[in-house]
Amino acid sequence: MNDNITPLAANEYDKKINNTIPYYQEFYNQTLDIVEQCDFGHVKWLDLGCGTGNLEELALQRFPNIHFTLVDPSERMLEQAKEKLKDNSIQYLCADSASIPFTNCFDVVTAILSHHYMREEERRKATKCVYRALKDGGIYICFENVIPEDEEIKRFELLRWENYQQIHGKTKEEAKAHTARCGVHYFPLTVNQHMELLKEMEFRKIHVFWYSYMQMGIYGIK
Ligand SMILES: C[S@@+](CC[C@H](N)C(=O)[O-])C[C@H]1O[C@@H](n2cnc3c(N)ncnc32)[C@H](O)[C@@H]1O
């Protein structure tokens with residue numbers, strides 16, 4: 001039985017995520033570069049859907065002055081993160097992004113492939129919570145699955161993603177099973193829908209900084 005909402009069990013997550021998502025490590029590099037560029041000094045950083053704490057492990061090596069708050073609705077994922085980050089002073093909260101209680105507290109909020117499990121209304125609620133949690137001038141950095149608007153392109157890109165997974169060790173059946181989750185277990189938005197969601201929250205600046213296969217990176221500055 002799985003112990004979280006992703007298709008990967010918490011203790012296998014780190015091994016398998018790179019076989020599933022193209023350029024996953026690059027998501028972290030891009031995120032850290034953007035935070036560095038913001039030059040906040042002592043960064044208060046909220047990571048939503050932190051999973052096993054991979055982003056934090058890298059960030060803490062690169063920036064000594066971060067105070068992290070990690071949120072995930074899966075106890076098992078949080079356990080993995082706590083074990084990985086045990087020598088650091090970090091606040092943990094077992095919750096989903098649509099129910100976080102923070103107001104004007106953070107310089108950075110990240111959600112790296114954590115919000116595609118939510119349906120439209122819940123995702124809107126979560127994004128409102130993100131906006132509320134940020135300080136003025138703070139930045140929301142989000143990587144998410146995207147779905148092309150055109151049906152033919154959508155089929156083409158899903159096949160291309162399946163091929164990536166097979167080249168990286170999944171069987172054809174496993175790759176097909178992953179595709180079958182799209183629109184059933186996770187609910188990707190189009191690029192425009194992602195932009196609109198952030199516009200609706202009144203982020204002062206919005207920018208799509210990454211797009212590859214069926215994932216995009218977007219940030220919004222409050
Ligand atoms: C694909 S993993 C990504 C984990 C991590 N961000 C990373 O980069 O490795 C998705 C994570 O989102 C969490 N998640 C699922 N539903 C969520 C929700 N409603 N709010 C916040 N996190 C959620 C899952 O428990 C899981 O840890």
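Whatever order the structure lists them in is the order used to number ligands and atoms, beginning at 1.
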In ligand 1, which numbered atoms sit nearer than 4.0 Å to a non-hydrogen atom of [X]?
X: Y117; value: 1 (C), 10 (C), 12 (O), 15 (C), 16 (N)
X: Y28; value: 7 (C), 8 (O), 9 (O)
X: S74; value: 25 (O)
X: I112; value: 3 (C), 5 (C), 6 (N), 8 (O)
X: L113; value: 1 (C), 2 (S), 3 (C), 10 (C)
X: D72; value: 11 (C), 13 (C), 24 (C), 25 (O), 26 (C), 27 (O)
X: D96; value: 18 (C), 19 (N), 20 (N)

Measure the acute angle between the ring planes of [X] and [Y], then classify it against the limits of 30° and 60° as parallel, tilted or perpendicular.
X: Y164; Y: H168; answer: parallel
X: Y186; Y: H178; answer: tilted
X: F209; Y: F143; answer: perpendicular

Ligand 1 contact by [X], heavy-atom criterion under 4.0 angstrom:
X: L55; value: no
X: F27; value: no
X: Y24; value: yes

Exercise for the section: Determine whether the side chains of N54 and E57 contain a donor N or O and an acceptor N or O closer than 3.5 Å. Expected result: no
Practice task
Give a yes-or-no answer on whether the side chains of E149 and N192 include a donor-acceptor pair shorter than 3.5 Å.
Solution key: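 On atom types as modelled, these side chains qualify, holding a pair under 3.5 Å.
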Problem - Check ion pair E79-K82 (N to O, under 4.0 angstrom) - result: no
Handout entry: Positive for ring-ring contact (aromatic ring centres under 6.0 Å, His included) with Y131, one of F102, F106, F203
Key =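 Filter result, single survivor: F203.
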Handout entry: Side chain proximity check, Q166 to E174, heavy atoms < 4.5 angstrom
Key = no
Exercise for the section: For atom 17 (C) of ligand 1, state which one of G49, A126, P73 supplies the nearest heavy atom. Expected result: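 Among G49, A126, P73, the closest heavy atom to atom 17 (C) of ligand 1 comes from P73.
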